[in-house]
A.B. asks: 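First, the structure itself, so that you have it in front of you.
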Protein chains: 2
Amino acid sequence: MKHIAESTVRRLSLYLRFLEQSRREGKDTISSGDLAGLGGTTSAQVRKDLSFFGSFGTRGLGYSVSALSRRIREILGLEREWRVVIIGAGKIGAALAQYRGFADRGYRIVGIYDVAPARIGVSLDGITVRDQKELEGDAARLKPEIALLAVPPTAAQTLVERAAKAGIRGILNFAPAQIHAPAGVEVRHVDMALELEILSYALTNARKK
Amino acid sequence: MKHIAESTVRRLSLYLRFLEQSRREGKDTISSGDLAGLGGTTSAQVRKDLSFFGSFGTRGLGYSVSALSRRIREILGLEREWRVVIIGAGKIGAALAQYRGFADRGYRIVGIYDVAPARIGVSLDGITVRDQKELEGDAARLKPEIALLAVPPTAAQTLVERAAKAGIRGILNFAPAQIHAPAGVEVRHVDMALELEILSYALTNARKK
DNA sequence: GTGGGCTTGTGAATGATTTCACAAGTTACA
DNA sequence: TGTAACTTGTGAAATCATTCACAAGCCCAC
Ligand SMILES: NC(=O)c1ccc[n+]([C@@H]2O[C@H](COP(=O)([O-])OP(=O)(O)OC[C@H]3O[C@@H](n4cnc5c(N)ncnc54)[C@H](O)[C@@H]3O)[C@@H](O)[C@H]2O)c1
Ligand SMILES: NC(=O)c1ccc[n+]([C@@H]2O[C@H](COP(=O)([O-])OP(=O)(O)OC[C@H]3O[C@@H](n4cnc5c(N)ncnc54)[C@H](O)[C@@H]3O)[C@@H](O)[C@H]2O)c1
């Protein structure tokens, strides 16, 4: 398959949200214009995005809400369950552990790890925090595929490498640290400080333009 | 000034991190190649990014770490203090309130709001959570410029509008909700569910490519 | 002060993404 | 069946972002 731009994948994920909302509202079909209106884009963009994966619309009518939802879910890999571990049971790690939104999307938390004695043994949403030393040993049993990494920046690189050795192929990193991803492992970043700085850039330079 | 791409601003913010790290390591100058090596980019990209704002390097030598830091900080609007409120003192809101990283960068939390009686009156890092009804009334005194919005998705749009009326010009939204930004207000999103879905897309389609 | 070695700054070229524009297909309805 | 009103799917054009490539400038050693 031809390479798909990240911007396209990001929009697909948004379209899926709008489709689910439309389904809740009882709609059976939706046009590219409707989808574009809900996100901040154009109908041509929506059609182009979808066209990379085939053609699932009906001319004159639009897209079937349920069929398109199913297809996008399939493209994004959401038809299956993903086994997720959280590394770092601090403030962010605990919030992630207790967040219902992930479970609803098929991300199942199978383990939580920390290094601090005060955190080990604590139960978060039914899962007991374990010592980070057990990460590799537990992997055979838990078969984790994705890690949410919420440790201090100085610990991040080491844990990415350990996670990779434990068979984890995807990492969502919350630490503001540059990370070298081992081969075959996809690392993405949620960097709140960066977003805040982009915001203050925009506010500072709003008048100029 | 010519319009600057968001990707450029995002990289500037990263360069600033690397510069601060280099300063801690005692370096006085740094070349575009060094900066590129620390982030995942090329030296031409670094020079092009900086060239939009002027020329601060010395041929043959590179950039002065302290001068370039100062200049980027100025571009991003980090030379001043920003007055920030947190709306929604739940799990994410509380984590944000207690995070030291923001204060270190000049983002000062001046107020925290919630609607739940159980949360109102709680003290987070020295700031008492107040009733969200007071948001507008407090604004004259607190003069907030940025809001971190950590409420359920259904409440997000209303609060963006109220924040705008209270004089807030920039909003960092954590709720997975599409939001219509009032004129003159910049809204950015930190969408963890979206990032996770991009990750599972990458894992699902890793072999093909 | 001269020359060798580095590094910047920037037009021009390339590559990627978005927008345009329209033929072709579908529905609704008389 | 005919036609009016829509909407998709997609090449082509336009726009935007990155990479190339090199002249120009500076440092330093001698
Ligand atoms: N609002 C926020 O809290 C916020 C915002 C932006 C970024 N971040 C980043 O997210 C990360 C986590 O932040 P936090 O606020 O949850 O910090 P925290 O200190 O509350 O949590 C970090 C946890 O990681 C654990 N840890 C440390 N080393 C470990 C190791 N080797 N193995 C396993 N666990 C280990 C600590 O014991 C601690 O419980 C940090 O990198 C921080 O910079 C946090
Ligand atoms: N790990 C996470 O917790 C996580 C991950 C991704 C996204 N999010 C999103 O972040 C947002 C907050 O998540 P959370 O986990 O902190 O939820 P939470 O339920 O712990 O906190 C939400 C808080 O907002 C308050 N609130 C509700 N309506 C309000 C109003 N009108 N004014 C002021 N406060 C109001 C509630 O009382 C509650 O304290 C949600 O939109 C959630 O979808 C959370």
Side-chain angles (χ1 to χ4, degrees), chain A residues 1-15 18-19 22 27-72 75 198 201-202 205 209, chain B residues 1-15 18-19 22 27-72 75 198 201-202 205 209:
Chain A
M1 187 194 283
K2 202 168 138 283
H3 176 253
I4 303 294
E6 179 185 316
S7 50
T8 291
V9 178
R10 168 168 261 113
R11 282 190 300 265
L12 283 182
S13 184
L14 275 179
Y15 300 155
F18 302 144
L19 286 165
S22 297
K27 284 189 165 177
D28 285 341
T29 60
I30 192 166
S31 72
S32 57
D34 295 341
L35 273 175
L38 293 171
T41 182
T42 66
S43 65
Q45 179 80 80
V46 173
R47 294 198 301 278
K48 182 64 93 179
D49 285 339
L50 296 177
S51 78
F52 293 129
F53 300 94
S55 46
F56 347 104
T58 308
R59 293 175 185 212
L61 188 60
Y63 302 88
S64 150
V65 170
S66 63
L68 186 56
S69 296
R70 202 166 331 111
R71 189 69 182 92
I72 293 183
I75 291 166
I198 297 174
Y201 170 84
N205 301 280
K209 187 55 172 302
Chain B
M1 186 195 286
K2 203 167 137 280
H3 177 254
I4 303 294
E6 180 184 314
S7 49
T8 291
V9 178
R10 169 167 261 112
R11 281 190 300 265
L12 283 182
S13 185
L14 276 179
Y15 300 157
F18 302 144
L19 285 165
S22 297
K27 282 189 167 178
D28 284 340
T29 60
I30 193 167
S31 72
S32 58
D34 295 342
L35 273 174
L38 292 171
T41 182
T42 66
S43 66
Q45 179 80 79
V46 172
R47 294 198 301 277
K48 181 65 95 180
D49 285 340
L50 297 176
S51 78
F52 293 129
F53 300 94
S55 45
F56 348 102
T58 308
R59 295 178 184 207
L61 189 60
Y63 302 88
S64 148
V65 170
S66 64
L68 187 57
S69 295
R70 202 166 331 111
R71 188 70 181 93
I72 293 182
I75 292 166
I198 297 174
Y201 170 82
N205 300 280
K209 190 49 174 306

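Quantities reported herein were computed from a predicted structural model and do not represent experimental measurements. Keep in mind that the numbers below use all heavy atoms, side chains included, and drop hydrogens, waters and symmetry copies. Per chain, numbering begins at 1; letters A, B, ... match sequence-line order.
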A.B. asks: Closest-nucleotide mapping onto DNA chain D: is A:G54 or A:G60 further toward the 5' terminus? I mean the 5' end.
C.D. replies: A:G60

A.B. asks: Measure all distances between protein nitrogen or oxygen atoms and nitrogen or oxygen atoms of nucleotides 28-30 of chain C, and list the pairs falling under 3.5 Å.
C.D. replies:
none

A.B. asks: To the nearest Å, how far apart are A:K48 NZ and C:dC20 P?
C.D. replies: 13 Å

A.B. asks: State whether the side chain of A:T8 and the backbone N or O of A:I4 hold a donor-acceptor pair below 3.5 Å, judged by distance alone.
C.D. replies: no

A.B. asks: What is the distance, to the nearest angstrom, from the CD1 atom on B:I30 to the P atom on C:dT8?
C.D. replies: 10 Å

A.B. asks: Round to a whole Å and report the spacing from CG of A:L12 to P of C:dT17.
C.D. replies: 14 Å

A.B. asks: So does A:Y201 get a backbone contact from the side chain of A:N205, meaning a donor-acceptor N/O pair under 3.5 Å?
C.D. replies: yes

A.B. asks: Which two nucleotides bound the region of DNA chain D that has atoms under 4.0 Å from heavy atoms of chain B, read 5' to 3'?
C.D. replies: D:dA17 to D:dC26

A.B. asks: Listed in order of residue number, which residues of residues 36-46 of chain B have a non-hydrogen atom at under 4.0 Å from DNA chain D?
C.D. replies: B:T42, B:A44, B:Q45

A.B. asks: Do B:I72 and B:F53 have side-chain heavy atoms sitting under 4.5 Å apart?
C.D. replies: no

A.B. asks: Is the distance from OP1 or OP2 of C:dT7 to the nearest side-chain N or O of B:T58 less than 4.0 Å?
C.D. replies: no

A.B. asks: Can you tell me if the side-chain N/O atoms of A:R11 get under 4.0 Å from OP1 or OP2 in C:dT18?
C.D. replies: yes

A.B. asks: Taking for each residue the nucleotide of DNA chain C bearing the nearest heavy atom, is the 5' side occupied by B:S31 or by A:R47?
C.D. replies: B:S31

A.B. asks: Nearest whole Å is fine: how far is C:dG25 P from A:Y63 OH?
C.D. replies: 16 Å

A.B. asks: Please check this pair: side chain of B:T58 against backbone of B:L61, looking for a donor-acceptor N/O pair closer than 3.5 Å.
C.D. replies: no

A.B. asks: Measure the shortest side-chain to side-chain distance between B:S51 and B:K48 over non-hydrogen atoms and say whether it is less than 4.5 angstrom.
C.D. replies: yes

A.B. asks: Identify, between B:S55 and A:D49, the residue whose nearest nucleotide on DNA chain C lies closer to the 5' end.
C.D. replies: B:S55

A.B. asks: What I'd like to find out is whether the side chain of B:D28 reaches to under 4.5 Å of the side chain of B:V65, using heavy atoms alone.
C.D. replies: no

A.B. asks: Does the side chain of A:T29 come within less than 4.5 Å of A:Y63's, by heavy atoms?
C.D. replies: no

A.B. asks: To the nearest 0.5 angstrom, please state how far the OG atom of B:S32 sits from the CG atom of B:D49.
C.D. replies: 11.0 Å

A.B. asks: Quick one: are A:L68 and A:L50 in side-chain contact, heavy atoms under 4.5 Å?
C.D. replies: yes

A.B. asks: B:Y15 versus B:L38: any side-chain heavy-atom pair under 4.5 Å?
C.D. replies: no

A.B. asks: Checking B:T42 side chain against B:Q45 main chain: does a donor-acceptor pair fall under 3.5 Å?
C.D. replies: yes

